[in-house]
Amino acid sequence: MDTKIQKFNEILQSLLLHLHGKEKALRLSLITFFSQGHLLIEDLPGLGKTTLAVSIANAFGLKFGRIQCTNDLLPSDITGVSIYNKNTDSFEFHPGPIFNNIVLVDEINRATSKTQSALLEAMQERQITVEGVTYKLEQPFFVIATQNPVEHHGTFPLPKSQLDRFMMQINIGYPDKDSEKRIIKEVMSSEAAALTERLIDKDEVISIQKSIRDSVYISDNVLAYILDVVKATRNSKYFLTGLSTRGALAITETARTNAFFSGRDFLIPEDVKEMAEFTIPHRVIFKDEYESYDKKEIIRSIVKEVPVPV
């Protein structure tokens, strides 16, 4: 376990060479990746979303694909199509960009609801079916989708029921002055990120993901605490609907990974608290009167009220 934690820290520090001032966003992205979930980033353009995705793919030696969403993007543009080959007198399947290990879906809210559904179904099922034939997706499989802030929303914002497919939602945020100075000096770009050194390979990634699932213990008391947090969201005055069971699983899995990379083989309530504000807000429906409030602050206040097990 210690070797794997050391490797994680090496990966984090290496990626920070290309993502100055983004340690929190990067750590959360890696926790989502190793928890085998998918990530939604809501932020302004030009803050490093593409660089983050490309850097992670290169660091792990994984295949990278990018989908730029527009309102005329079709589901087949993502999944792939079967094309007739007159030489063989048969149809041949040409896989789309979803057949990569790490897929960046830029401005997902600009795709139509039909295309969004095809993508989100692939994320959930980790397979697609085209013309009656089912194809398994690459493993590991990690989708990083981006959407602009509310005031920049496109024509087709993601419905709440679909947002639940993302394990975590984060913001990248502006870098501090010193970090931005370094970025400008180095003329940071996706091409620069392509130079990220490969640190581990696909098999090691899968091995770490399996270790997290197998080696981090969750006591009955901590599991009961997680369920109390879930119940608190369902009874909260702030929400129309609280967390689903999928939401409870997301908290558990990300907290487990957070514990692993903190050097522990057991979960503590602080792991849950740390992950709550990134795994809960996009899964619950806020009442209209609270939509303008700081949603992370509301989540923190709810979690704070839940008694911590001794």
Side-chain angles (χ1 to χ4, degrees), residues 1-16 19 22-41 52-53 55-57 59-60 62 101-102 123-124 126 139-145 164-172 199-223 225-227 229-230 243-283 296 299 303:
M1 184 171 171
D2 289 343
T3 304
K4 289 171 179 172
I5 295 168
Q6 184 180 356
K7 183 65 74 176
F8 174 83
N9 288 325
E10 287 175 9
I11 293 166
L12 188 61
Q13 294 307 315
S14 176
L15 292 177
L16 282 172
L19 292 155
K22 308 285 174 62
E23 181 167 357
K24 184 69 175 180
L26 190 51
R27 181 178 174 83
L28 292 170
S29 302
L30 293 176
I31 286 175
T32 308
F33 173 71
F34 283 108
S35 300
Q36 303 184 52
H38 304 290
L39 180 69
L40 179 63
I41 302 176
L52 185 147
S55 297
I56 291 176
F60 299 151
L62 299 174
N101 298 112
I102 294 183
M123 290 163 51
Q124 180 66 25
R126 297 177 185 270
Q139 297 299 325
F141 175 56
F142 181 43
V143 171
I144 301 175
D164 199 34
R165 308 297 176 92
F166 291 96
M167 182 171 273
M168 197 180 287
Q169 178 178 342
I170 66 169
N171 307 102
I172 293 226
L199 302 169
I200 60 176
D201 60 25
K202 182 193 296 188
D203 290 340
E204 288 177 284
V205 167
I206 293 172
S207 172
I208 292 173
Q209 288 176 331
K210 188 174 185 303
S211 291
I212 293 169
R213 282 281 178 91
D214 294 345
S215 66
V216 179
Y217 172 71
I218 306 177
S219 68
D220 286 344
N221 281 344
V222 174
L223 184 56
Y225 174 70
I226 293 172
L227 294 175
V229 170
V230 172
L243 276 176
S244 65
T245 302
R246 187 184 292 153
L249 284 168
I251 294 176
T252 305
E253 293 305 318
T254 54
R256 192 201 297 263
T257 304
N258 190 56
F260 184 89
F261 289 127
S262 297
R264 283 178 278 104
D265 59 1
F266 57 91
L267 209 65
I268 59 177
E270 282 66 26
D271 294 314
V272 178
K273 291 179 181 177
E274 196 171 335
M275 294 295 107
E277 64 185 88
F278 305 105
T279 52
I280 296 178
H282 64 293
R283 299 174 186 277
K296 289 183 179 178
I299 299 301
V303 174

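Because only heavy atoms are used, hydrogens play no part in the values below, and waters and symmetry mates are left out as well, while side chains stay in.
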Chemist: Find the distance between CG (L28) and OG1 (T257) and round it off to the nearest 0.5 Å.
Modeler: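 Rounded to the nearest 0.5 Å, the CG-OG1 separation comes out at 11.5 Å.
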
Chemist: May I ask you to test the V143-R165 pair for a side-chain heavy-atom distance under 4.5 Å?
Modeler: no

Chemist: Calculate, to the nearest 0.5 Å, the distance between atoms CG and CD belonging to D201 and E204 respectively.
Modeler: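 If I round to the nearest 0.5 Å, the distance is 4.5 Å.
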
Chemist: Check the orientation of F60 and F33. Use parallel for under 30°, tilted for 30 to 60°, and perpendicular for over 60°.
Modeler: parallel

Chemist: Under a 4.5 Å cut-off applied to non-hydrogen side-chain atoms, are T32 and F142 in contact?
Modeler: yes

Chemist: Out of the candidates N258, I226, L223, only one should pair with L267 under the side chain to side chain contact (heavy atoms under 4.5 Å, CB included) rule; please name it.
Modeler: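 The passing option is I226.
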
Chemist: Just by distance, do the side chain of N101 and the backbone of P140 share a donor-acceptor pair under 3.5 Å?
Modeler: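 Pair found, side chain donor or acceptor close to backbone of P140.
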
Chemist: For E23 and L12, work out which heavy atoms get closest and say how close.
Modeler: OE2-CD2, 4.1 Å

Chemist: With a 6.0 Å cut-off (strictly less than), is the heavy-atom count around CD of Q139, excluding the residue itself, greater than 12?
Modeler: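 Counting neighbours around CD of Q139, more than 12 heavy atoms of other residues, nucleotides or ligands fall under 6.0 Å, so yes.
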
Chemist: Within this structure, what is the CG-CD1 distance for the pair L39 and I56, rounded to the nearest 0.5 Å?
Modeler: 8.0 Å

Chemist: Which atoms form the tightest heavy-atom contact between A276 and P281, and what is the distance?
Modeler: O-CD, 3.7 Å

Chemist: Can you see whether T254 engages S35 through a side-chain donor-acceptor pair at a distance of less than 3.5 angstrom?
Modeler: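 There is no such pair between these side chains.
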
Chemist: Of all residues at least two apart in sequence or in a different chain, which pass the side-chain hydrogen bond (donor to acceptor under 3.5 Å, both in side chains) check with S207?
Modeler: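 Checked S207 against side-chain hydrogen bond (donor to acceptor under 3.5 Å, both in side chains); matches are K4.
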
Chemist: Could you go step by step and tell me if R27 and F8 meet the side-chain contact (heavy atoms from CB on, under 4.5 Å) rule?
Modeler: CA-CA 10 Å; R27 181 178 174 83; F8 174 83; 3.5 Å; yes

Chemist: Grab the two heavy atoms, one from I212 and one from R256, that are nearest each other, plus how far apart they are.
Modeler: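 Heavy-atom minimum between the residues: O-CD, 3.1 Å.
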
Chemist: Taking atom CD1 of I11 and atom CZ of F261, what is their separation to the nearest 0.5 Å?
Modeler: 7.0 Å

Chemist: Determine the minimum heavy-atom distance between G247 and D164, stating which atoms define it.
Modeler: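 The pair with the smallest heavy-atom distance is N-OD1, 4.3 Å.
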
Chemist: Among M275, R213, Q36, find the one that has a side chain to side chain contact (heavy atoms under 4.5 Å, CB included) with E253.
Modeler: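 It is R213; the other options fail the test.
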
Chemist: Starting from the C-alpha separation in whole Å, work towards a yes-or-no answer on side-chain contact (heavy atoms from CB on, under 4.5 Å) for I31 and E274.
Modeler: CA-CA 12 Å; I31 286 175; E274 196 171 335; 6.0 Å; no

Chemist: Can you measure from CD1 (I41) to CD1 (I144) and round to the nearest 0.5 angstrom?
Modeler: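 CD1 of I144 is found 5.5 Å from CD1 of I41.
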
Chemist: Between V230 and A248, which heavy-atom pair has the shortest distance, and what is it?
Modeler: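 Smallest interatomic distance, heavy atoms only, reads CG2-CB, 3.7 Å.
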
Chemist: For M167, is there any backbone N or O sitting under 3.5 Å from a side-chain donor or acceptor partner on R283?
Modeler: yes

Chemist: More than 12 non-hydrogen atoms from neighbouring residues, nucleotides or ligands closer than 6.0 Å to NZ on K210, yes or no?
Modeler: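 Not buried by this count: 12 neighbours or fewer within 6.0 Å.
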
Chemist: Is D271 reaching over with its side chain to a backbone N or O of I268, donor-acceptor style, under 3.5 angstrom?
Modeler: yes

Chemist: Taking all non-hydrogen atoms of both residues, which atom of E10 and which atom of L199 are closest, and how far apart?
Modeler: O-CD1, 4.1 Å

Chemist: To the nearest 0.5 Å, how far apart are OG in S211 and CZ in F260?
Modeler: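 The CZ atom of F260 is 5.0 Å from OG of S211, to the nearest 0.5 Å.
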
